[in-house]
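Start at 1 and go down the list; that is how both ligands and their atoms are numbered. These numbers were taken from a predicted model, which means no experiment stands behind them.
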Amino acid sequence: MSRLLTTGIRRPTLAVVGATGAVGTVMLQILSQRADIWGEIRLVASPRSAGRKLTVRGQETEVSALSEEVFDGVDIAMFDVPDEVAAKWAPVAAARGVVVVDNSGAFRMEPDVPLVVPEVNPHAVRSRPRGIVANPNCTTLSMIVALGALHSAYGLRELVVSSYQAVSGAGRAGVETLRQQISLVAGTELGTSPGDVRRAVGDNTGPFPEPVALNVVPWAGSPRADGWSSEEMKVRDESRKILGLPKLPVAVTCVRVPVVTTHSLTVHARFQDTVTVGGAREILATAPGVVLFDNPEAGEYPTPADVVGTDPTWVGRVRRALDDPTALELFVCGDNLRKGAALNVAQIAELVAAERH
Ligand SMILES: NC(=O)c1ccc[n+]([C@@H]2O[C@H](COP(=O)([O-])OP(=O)(O)OC[C@H]3O[C@@H](n4cnc5c(N)ncnc54)[C@H](OP(=O)(O)O)[C@@H]3O)[C@@H](O)[C@H]2O)c1
């Protein structure tokens, strides 16, 4: 199908690799909701899904199995697949002239792959010697737009962060696990004696090391040196790269909570000079992609139950640190499948597509 813009420029052909996954599913919704700049949209997944029909832009589209040929004629490919699949196939697509926007962790920290958040470092997208642009991980993305705005004004000097991460951060399997565990504990008196929840949900805790229903789990990802988790290292390393602050001190504790979608974070951010709550509020209230929702006396602060399904980064509970006039305390919520994944990828792909004009 050849779709022409009114200017006569051929509309770019897009491939969505991983179209059947948790992120891919939201990507198809986002592509149906945003300005339609694309020509053909090709849907790709594993051979397990080949032949399935999914709807994008109101059209039923058949899923193809990932192969070299699937990239023929493609201009831009979004990769929403596991790390090892992206590590193998993104270079294959790039070698065929496709610009890859990769949502996995495979390339984020490679020095010759830009890590892009369009509201914070859009210029970085143009420098992609390997034809690959990386999308940050969902926990970093859920806070970085708000932090980028504050950093521009005040100069960030240190970050201390705790996350409250939704189960969909672990993909479809994470959501299925929570729903199944909720059905096992619903309507019971469980949660009153040691181990009762664990016994009720059984040994199969899906992608999580512990039961997640009626619980919080102070662990996300895989082990890294000195007791840190991979998820914690990602928040530190990726925040530094996106903000262009390679030595920024960052302390992170990542925690999984029984929320389906939307990551929340408490943030202690220390800046170069004294900050004021009024100044911070003004910056956050006018920053693109941020909604300031902060009036606790009126019960106004963001929570995942209200933020899920929305695009912005929501910020509430803005306070100046009691013992440090250069630091702010914030509570931030962002939908991990939208801005935390699919939306940011779509925005990057749109930046790349705009270069053609
Ligand atoms: N979930 C989040 O909040 C989030 C946020 C940011 C980034 N990410 C990253 O985004 C990527 C996708 O995550 P997800 O949560 O959407 O995972 P998911 O729900 O498990 O979906 C995985 C997708 O990858 C496809 N896939 C798996 N193995 C494949 C193979 N060998 N060849 C081709 N396709 C294959 C699957 O296709 P089938 O259906 O055919 O198996 C499915 O479409 C991961 O790298 C993840 O780390 C996730």
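- A donor-acceptor pair under 3.5 Å is absent between the side-chain atoms of D80 and the main chain of V16, judged by distance alone.
- The protein atom (non-hydrogen) at minimum distance from atom 15 (O) of ligand 1 is G171 CA, 3.1 Å.
- The protein atom (non-hydrogen) at minimum distance from atom 26 (N) of ligand 1 is P82 CD, 4.0 Å.
- At least one protein heavy atom sits closer than 4.0 Å to atom 5 (C) of ligand 1.
- Here the closest heavy-atom approach between residue V81 and residue A86 is recorded as CG2-N, 3.7 Å.
- The shortest distance between side-chain heavy atoms of F208 and T177 falls below 4.5 Å.
- Atoms of ligand 1 found under 4.0 Å from any heavy atom of S104, numbered from 1 in the order shown, are 45 (O).
- Geometrically, ligand 1 and N137 share no nitrogen or oxygen pair separated by less than 3.5 Å.
- Close to ligand 1: S168, with a non-hydrogen atom less than 4.0 angstrom away.
- Only the side chain of L337 comes within 4.0 Å of ligand 1, judged by heavy-atom distances.
- Below 3.5 Å of separation, one finds an N or O of G21 facing an N or O of ligand 1.
- Counting only heavy atoms of the protein, atom 42 (C) of ligand 1 lies nearest to T20 OG1, 3.4 Å.
- In terms of polar-atom proximity, R108 is not counted as a contact of ligand 1, lacking any N or O under 3.5 Å from an N or O of the ligand.
- Looking only at distances, a side-chain donor or acceptor of W219 sits under 3.5 Å from a matching main-chain atom of G221.
- A distance-only check finds no donor-acceptor pair linking the side chain of N121 to the backbone of A124 [under 3.5 Å].
- Taking a cut-off of under 4.0 Å to the non-hydrogen atoms of A341, the atoms of ligand 1 that pass are 5 (C), 6 (C).
- Taking CD from E329 and NE2 from H268, the interatomic distance works out to 5.5 Å, rounded to the nearest 0.5 Å.
- Both V275 and L284 are assigned to one and the same hydrophobic cluster, defined by single-linkage of ILVMFWY side chains at heavy-atom distances under 4.5 Å.
- The shortest N or O to N or O distance between N336 and ligand 1 is under 3.5 Å.
- The shortest N/O to N/O separation between P47 and ligand 1 does not fall below 3.5 Å.
- Not a single N or O atom of L66, backbone or side chain, sits closer than 3.5 Å to an N or O atom of ligand 1.
- Nearest residue to atom 30 (C) of ligand 1 from V85, T25, N344 is V85 (criterion: closest heavy atom).
- Linking Ile, Leu, Val, Met, Phe, Trp and Tyr residues whenever their side-chain heavy atoms come within less than 4.5 Å leaves M78 and V100 in two separate clusters.
- Close N/O approach between V23 and ligand 1 is found [any backbone or side-chain N/O within under 3.5 Å].
- Using modelled atom types and a 3.5 Å distance limit, the side chains of E231 and N137 yield a donor-acceptor pair.
- Protein heavy atom closest to atom 25 (C) of ligand 1, with residue, atom name and distance, is V81 CG1, 3.9 Å.
- Residue D83 has at least one heavy-atom neighbour below 4.0 Å for each of these atoms of ligand 1: 45 (O).
- Looking from atom 23 (C) of ligand 1 to the surrounding protein, the closest heavy atom is D80 O, 3.6 Å.
- Given atom 34 (N) of ligand 1, the protein heavy atom at minimum distance is S46 N, 3.2 Å.
- By the 4.0 Å N-to-carboxylate-O rule, E68 lies close enough to R96 to be salt-bridged with it.
- The minimum heavy-atom distance between Q181 and T205, with the atom names listed, is NE2-CA, 3.9 Å.
- In the vicinity of R172, heavy-atom distances shorter than 4.0 Å reach the ligand 1 atoms 19 (O), 39 (O), 41 (O).
- R48 NH2, 2.8 Å is the protein heavy atom nearest to atom 41 (O) of ligand 1.
- A 6.0 Å sphere centred on CZ of R319 holds more than 12 heavy atoms belonging to other residues, nucleotides or ligands.
- Here the closest non-hydrogen pair linking M143 and S239 is CE-OG, 3.5 Å.
- L265 and Y164 are not part of a single hydrophobic cluster, where members link through side-chain heavy atoms under 4.5 Å apart.
- With sequence neighbours left out, the side-chain hydrogen bond (donor to acceptor under 3.5 Å, both in side chains) criterion links R199 to no other residue.
- Which parts of ligand 1 touch G340 is read off a 4.0 Å heavy-atom cut-off, strictly below it: atoms 5 (C), 6 (C).
- Of all protein heavy atoms, the one lying nearest to atom 10 (O) of ligand 1 is N103 ND2, 3.6 Å.
- Here is the list of ligand 1 atoms found below 4.0 Å of a heavy atom in S49: 38 (P), 39 (O), 40 (O).
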